[in-house]
**Student:** 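First, the structure itself, so that you have it in front of you.
Both ligands and their constituent atoms are indexed starting at 1 by order of listing. Residues: numbered from 1 along the sequence shown.
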Amino acid sequence: MKLSNQTAIVTGASRGIGKAIALTLAREGCNIAGVARSAASADSVAGEIRALGVKFSGYGVDIASSSAVNECVEQVQKEFGGIDLLVNNAGITRDTLLLRMSDADWATVLQTNLTGAFNWTRAVTRPMMKARKGKIINVGSVIGLHGNAGQANYAAAKAGLVGFSKSVAKELAARNITCNVICPGFIQTDMTATLAEELKQKLLEQIPLKRLGAADDVAALTLFLSGSGADYITGQVFTVDGGLFI
Ligand SMILES: NC(=O)c1ccc[n+]([C@@H]2O[C@H](COP(=O)([O-])OP(=O)(O)OC[C@H]3O[C@@H](n4cnc5c(N)ncnc54)[C@H](OP(=O)(O)O)[C@@H]3O)[C@@H](O)[C@H]2O)c1
């Protein structure tokens, strides 16, 4: 097992990509602190993860609230004894054209997708610095690298995550803490379930590998970046998009 006795905080672990990441890490012996908006939602994966023989606790935390995040990190340290990995995966969309984008559409997406990652990363920095090791993986998006009409808020947050992660990588490297970004393309989850069938067909025509991604495709790279094989990789941005943006 590649991650025996390690502990990962995975945000957005209740569904989609985060759930796949939590299960994939757990299969390698990693204990999981799973975060979602409510404790009930976070706990919905408890049975599946504990069945793999690892420790699991679910936490209901609004990642946009720094005080709630700080409290949760303290609790995780008490319950698990340390934090080896942080996967900032939770994210939302509030898609609309710029002219119609409300202050709330903009603020909520920035506060969740960018400030949320900042809140967790800052909170785990002290314990990771003390341990002189740690791995932080941020889930961005190809939209943050290339932009998309109707997603100015989302693209800005995900692009911000790249600059944030590169800065964190430089700042924490001396303490043996790495920070990388995974940018998925179009992955089959609740987030993309609402895409119109016509748009999905158009997308499929543009994706060289001729399918939407699976959450497990993103989880596989997360596992690699979490393991010792990635000890010398930091500040990098990896795309998992079936070749969409070759
Ligand atoms: N799906 C794609 O095609 C795609 C492509 C590129 C990037 N991404 C990124 O990948 C990540 C996961 O996406 P997904 O498709 O798996 O999303 P999803 O199925 O919609 O799941 C979102 C997860 O985030 C949690 N969450 C949302 N807001 C939160 C908040 N304020 N506080 C705590 N937890 C919160 C949700 O918790 P609840 O269950 O409690 O609501 C849920 O677990 C996101 O960052 C997304 O931007 C996705």
**Student:** So for ligand 1, is S14 a polar contact partner (N or O within less than 3.5 Å, distance only)?
**Tutor:** yes

**Student:** Below 4.0 Å, non-hydrogen atoms only: which portion of S41 touches ligand 1? Side chain, backbone, both or neither.
**Tutor:** side chain

**Student:** To which of R37, R15, Q111, K158 does the heavy atom nearest atom 29 (C) of ligand 1 belong?
**Tutor:** R37

**Student:** Any N/O of N113 closer than 3.5 Å to an N/O of ligand 1?
**Tutor:** no

**Student:** Look at atom 4 (C) of ligand 1 and find which of G213, A68, S141, G185 reaches it with the closest heavy atom.
**Tutor:** G185

**Student:** List ligand 1 atoms under 4.0 Å from I92, heavy atoms only on the residue side.
**Tutor:** 27 (C), 28 (N)

**Student:** Aromatic rings F164 and F118: how do their planes relate, parallel, tilted or perpendicular, breaks at 30° and 60°?
**Tutor:** perpendicular

**Student:** For atom 7 (C) of ligand 1, which candidate among G140, G144, G91 provides the closest heavy atom?
**Tutor:** G140

**Student:** Do we see a donor-acceptor contact under 3.5 Å between the side chains of S228 and D231?
**Tutor:** no

**Student:** Answer yes or no: is there a donor N or O on one side and an acceptor on the other, between the side chain of N31 and the main chain of K55, under 3.5 Å?
**Tutor:** yes

**Student:** By number and element, which atoms of ligand 1 are closer than 4.0 Å to a non-hydrogen atom of T112?
**Tutor:** 28 (N), 31 (N)

**Student:** Please state which option from I63, N119, N88 has its nearest heavy atom closest to atom 32 (N) of ligand 1.
**Tutor:** I63

**Student:** Going by the rule side-chain hydrogen bond (donor to acceptor under 3.5 Å, both in side chains), which residues pair with S67 if we only count those two or more places apart in sequence or in a different chain?
**Tutor:** S65

**Student:** Going by distance only, is there an N or O of D62 that falls short of 3.5 Å from an N or O of ligand 1?
**Tutor:** yes

**Student:** Do K166 and V237 pass the side chain to side chain contact (heavy atoms under 4.5 Å, CB included) test, and can you show the C-alpha distance, the side-chain angles, and the key distance before you say yes or no?
**Tutor:** CA-CA 9 Å; K166 289 185 178 191; V237 180; 4.1 Å; yes

